[in-house]
*Asks:* 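Quick one: this structure, given as structure tokens, is what I'll be asking you about.
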Amino acid sequence: MKRKTALITGGAGFIGSHLCDRLINEGLRVICLDNLITGSVANIESLAKARNFRFIEHNVSKYISIKEKLDFVLHFASPASPEDYLKFPIQTLKVGSLGTHNSLGLAKDKKAVFILASTSEVYGDPLVHPQPESYWGNVNPIGVRGCYDESKRFAEAITMAYHRVHRMDTRIIRIFNTYGPRMRINDGRVIPNFMYQVLKGRPLTVYGRGRQTRSFCYISDLVEGIFGLMKARVNVPVNLGNPNEFSIMELARFVIRLTGTNSKIIFKPLPQDDPRQRQPDIRLARRMLGWSPKVQLKEGLELTVDWFRNHS
Ligand code: UDP
């Protein structure tokens with residue numbers, strides 16, 4: 001991997017910036033592209049002086065021109081929090097469609113491996129549980145989450161078309177709920193919201209009755225899986241996530257207990273099309289990459305709350 005060059009779209013975002021760190025540490029050259037719509041230069045501040053790192057402020061939905069040779073193009077740009085993609089539905093659709101097309105075109109031109117950050121949202125409100133990669137999903141195309149779900153589904157479709165037609169080496173990662181340092185405290189997702197609320201002594205907002213479930217993966221585990229997939233020639237979609245499943249009510253109680261606060265729990269309406277259950281089937285990642293998550297929720301939340309304490 002040493003001396004290879006990777007371009008990461010969305011490299012100043014939560015996952016993208018951790019990936020930049022990891023690839024720099026592995027000895028790669030990294031070009032980070034971001035239009036900073038939801039990402040932040042603070043996330044890549046520590047890399048600014050690294051000799052092998054370059055940041056370009058650019059919207060990947062517009063044509064990308066890069067002079068250097070590239071070995072990897074990792075397309076991680078997209079709003080990813082439901083609140084963000086509700087705020088930016090058109091940008092979300094564009095980055096998943098035009099942005100994926102541009103990134104694929106760049107990878108093809110450079111004969112680079114293309115890696116798509118897809119999502120568990122391609123499964124929608126799943127009727128199969130846990131979700132294996134073979135499940136086609138249950139998505140409402142015209143609902144408020146459709147902008148994200150369908151743009152990622154399109155992104156997967158065009159990636160497979162480039163793989164089949166142009167014989168490109170492509171990878172698709174279906175990322176399940178991931179958390180950790182560098183999430184925006186106000187990004188609206190459940191873990192930053194609960195962290196903010198406990199740190200401010202406010203009540204925790206549980207949507208609906210809190211019976212819906214999610215399975216939370218700590219960022220370092222995810223990055224390990226992504227790095228594993230960069231090295232493995234697996235062209236079919238691969239789920240990456242932590243299969244430990246919790247209801248949102250359990251998560252709220254857990255966060256209160258862990259932080260030793262006396263915040264109350266209040267209930268807010270369940271957002272439209274909020275998936276009722278989500279748990280990755282990671283047998284494929286285990287078999288093909290020898291990967292499985294290591295960080296349990298308790299440890300991951302402790303690291304995250306410490307980070308939020310110092311950064312909010
Ligand atoms: N949620 C909640 N309270 C909050 C934020 C989110 O109960 O303050 C719920 C949300 O309705 C969903 C789950 O937590 O069922 C996870 O939401 P998130 O926005 O983190 O991501 P999603 O998995 O829905 O993309």
Side-chain angles (χ1 to χ4, degrees), residues 13-15 38 76 78-89 92 96 117-126 129-131 137-140 143-153 173-219 222 239-256 259 261 263-280 297 300-301 304-305 308 312:
F14 162 51
I15 296 176
T38 55
F76 278 67
S78 178
S81 143
E83 279 195 14
D84 284 343
Y85 51 75
L86 289 186
K87 223 183 290 161
F88 305 113
T92 303
S118 185
T119 168
S120 54
E121 282 281 326
V122 300
Y123 302 122
D125 187 10
H129 194 72
Q131 294 79 56
N138 177 38
V139 169
N140 173 2
V144 290
R145 297 173 85 105
C147 61
Y148 186 60
D149 304 10
E150 295 297 1
S151 76
K152 290 292 190 184
R153 290 168 67 96
I173 310 170
R174 292 190 179 147
I175 300 173
F176 283 66
N177 294 64
T178 301
Y179 69 101
R182 298 188 189 154
M183 294 182 97
R184 282 187 356 257
I185 192 98
N186 61 349
D187 93 351
R189 283 184 276 195
V190 66
I191 289 187
N193 271 10
F194 285 178
M195 302 269 119
Y196 178 80
Q197 290 158 350
V198 289
L199 291 176
K200 297 281 180 208
R202 297 195 184 157
L204 272 63
T205 51
V206 166
Y207 299 164
R209 301 167 82 170
R211 287 191 188 149
Q212 69 276 32
T213 68
R214 295 293 186 273
S215 310
F216 298 97
C217 183
Y218 189 65
I219 183 68
L222 180 78
N239 288 339
L240 291 181
N242 189 322
N244 270 344
E245 186 183 5
F246 298 85
S247 75
I248 296 304
M249 197 61 192
E250 282 173 323
L251 177 72
R253 291 206 185 100
F254 193 67
V255 168
I256 291 173
T259 53
T261 50
S263 289
K264 303 257 169 319
I265 291 174
I266 56 169
F267 295 93
K268 296 261 174 117
L270 191 66
Q272 191 194 328
D273 294 338
D274 198 290
R276 277 164 292 184
Q277 52 183 358
R278 185 181 287 158
Q279 189 201 84
L297 190 64
L301 285 179
T304 309
V305 81
F308 277 126
S312 60

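Since the structure is predicted, the reported quantities are computational estimates derived from the model, not experimental observations. Note that ligands are numbered from 1 as they come in the structure, with each ligand's atoms numbered from 1 the same way.
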*Asks:* Suppose we measure from atom 3 (N) of ligand 1 to each protein heavy atom; which comes out shortest, and what is that distance?
*Replies:* Thr205 O, 2.6 Å

*Asks:* Which of the numbered atoms in ligand 1 are below 4.0 angstrom from a heavy atom of Glu121?
*Replies:*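 Near Glu121, meaning under 4.0 Å from one of its heavy atoms, ligand 1 has 25 (O).
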
*Asks:* Give a yes or no on whether the backbone of Arg276 and the side-chain of Asp125 come within a donor-acceptor separation of less than 3.5 Å.
*Replies:*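 Judged by distance alone, yes, a pair lies under 3.5 Å.
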
*Asks:* Decide whether an N or O pair under 3.5 Å exists between Phe194 and ligand 1.
*Replies:*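 Looking only at distances, the answer is no, because the N/O contact criterion of under 3.5 Å is not met.
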
*Asks:* Determine the interplanar angle of the Tyr218 and Tyr179 rings, folded into 0 to 90°, and report it as parallel if under 30°, tilted if 30 to 60°, perpendicular if over 60°.
*Replies:* perpendicular

*Asks:* With heavy atoms of Pro271 as the reference, note each atom of ligand 1 found under 4.0 Å away.
*Replies:* 11 (O)

*Asks:* Around atom 1 (N) of ligand 1, find the nearest protein heavy atom and jot down its residue, atom name and distance.
*Replies:* Tyr207 CD1, 3.3 Å

*Asks:* When you check the gap from the basic side-chain N to the acidic O, do Asp274 and Arg214 get nearer than 4.0 Å?
*Replies:*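 So Asp274 pairs with Arg214 through a salt bridge.
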
*Asks:* Write down the atom of Gln277, the atom of Thr213, and the distance for their closest heavy-atom approach.
*Replies:* CA-OG1, 3.1 Å

*Asks:* Consider every N or O of Gln197 and every N or O of ligand 1, then say whether any pair is closer than 3.5 Å.
*Replies:*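 In fact, backbone or side chain, Gln197 has no N or O that close.
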
*Asks:* Could you give the distance from OG1 (Thr304) to CZ (Phe194), rounded to the nearest 0.5 Å?
*Replies:* 14.0 Å

*Asks:* Show the atoms of ligand 1 that are less than 4.0 angstrom away from any heavy atom in Asp274.
*Replies:* 10 (C), 11 (O), 12 (C), 15 (O)

*Asks:* Quick check: closest heavy atoms across Asp149 and Gly124, and the distance to 0.1 Å?
*Replies:*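 Closest approach of Asp149 to Gly124, heavy atoms only: OD2-CA, 4.3 Å.
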
*Asks:* Looking at ligand 1, is there an atom of it that comes within less than 4.0 Å of some heavy atom belonging to Ser81?
*Replies:* no

*Asks:* At what distance is the nearest protein heavy atom to atom 23 (O) of ligand 1, and which residue and atom is it?
*Replies:*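 Protein heavy atom at minimum distance: Arg214 NE, 2.6 Å.
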
*Asks:* Within the 4.0 Å heavy-atom shell around Arg278, which atoms of ligand 1 are there?
*Replies:* 22 (P), 23 (O), 25 (O)

*Asks:* Any atoms of ligand 1 less than 4.0 Å from a non-hydrogen atom of Ile248? List them with their elements.
*Replies:* 7 (O), 13 (C), 14 (O)

*Asks:* Regarding atom 22 (P) of ligand 1: of the candidates Met183, Arg145, Glu83, Arg189, which has the closest heavy atom?
*Replies:*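 It is Arg145 whose heavy atom sits nearest to atom 22 (P) of ligand 1.
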
*Asks:* Any N or O on Asn177 sitting closer than 3.5 Å to an N or O of ligand 1?
*Replies:* yes

*Asks:* Taking 4.0 angstrom as the limit, do Glu250 and Arg253 come out as a salt bridge?
*Replies:* no

*Asks:* Which atoms of ligand 1 have any heavy atom of Asn193 under 4.0 Å away?
*Replies:* 4 (C), 5 (C), 8 (O)

*Asks:* Suppose we measure from atom 20 (O) of ligand 1 to each protein heavy atom; which comes out shortest, and what is that distance?
*Replies:*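 It is Val190 N, 2.8 Å.
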
*Asks:* Does Pro243 offer a backbone N or O that forms a donor-acceptor pair with the side chain of Gln279 under 3.5 Å?
*Replies:*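 Answer holds: yes.
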
*Asks:* Does Ser118 have any side-chain contact (heavy atoms from CB on, under 4.5 Å) partners at least two apart in sequence or in another chain, and if so, which?
*Replies:*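 Residues passing side-chain contact (heavy atoms from CB on, under 4.5 Å) with Ser118: Leu116, Val122, Lys152, Glu156, Ile172, Arg174.
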
*Asks:* Do the side chains of Arg145 and Gln272 get nearer than 4.5 Å, heavy atoms only?
*Replies:*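 Side-chain contact under 4.5 Å: no.
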
*Asks:* Can you list the atoms of ligand 1 that are under 4.0 Å from a heavy atom of Val206?
*Replies:*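 Atoms satisfying the 4.0 Å criterion: 7 (O).
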
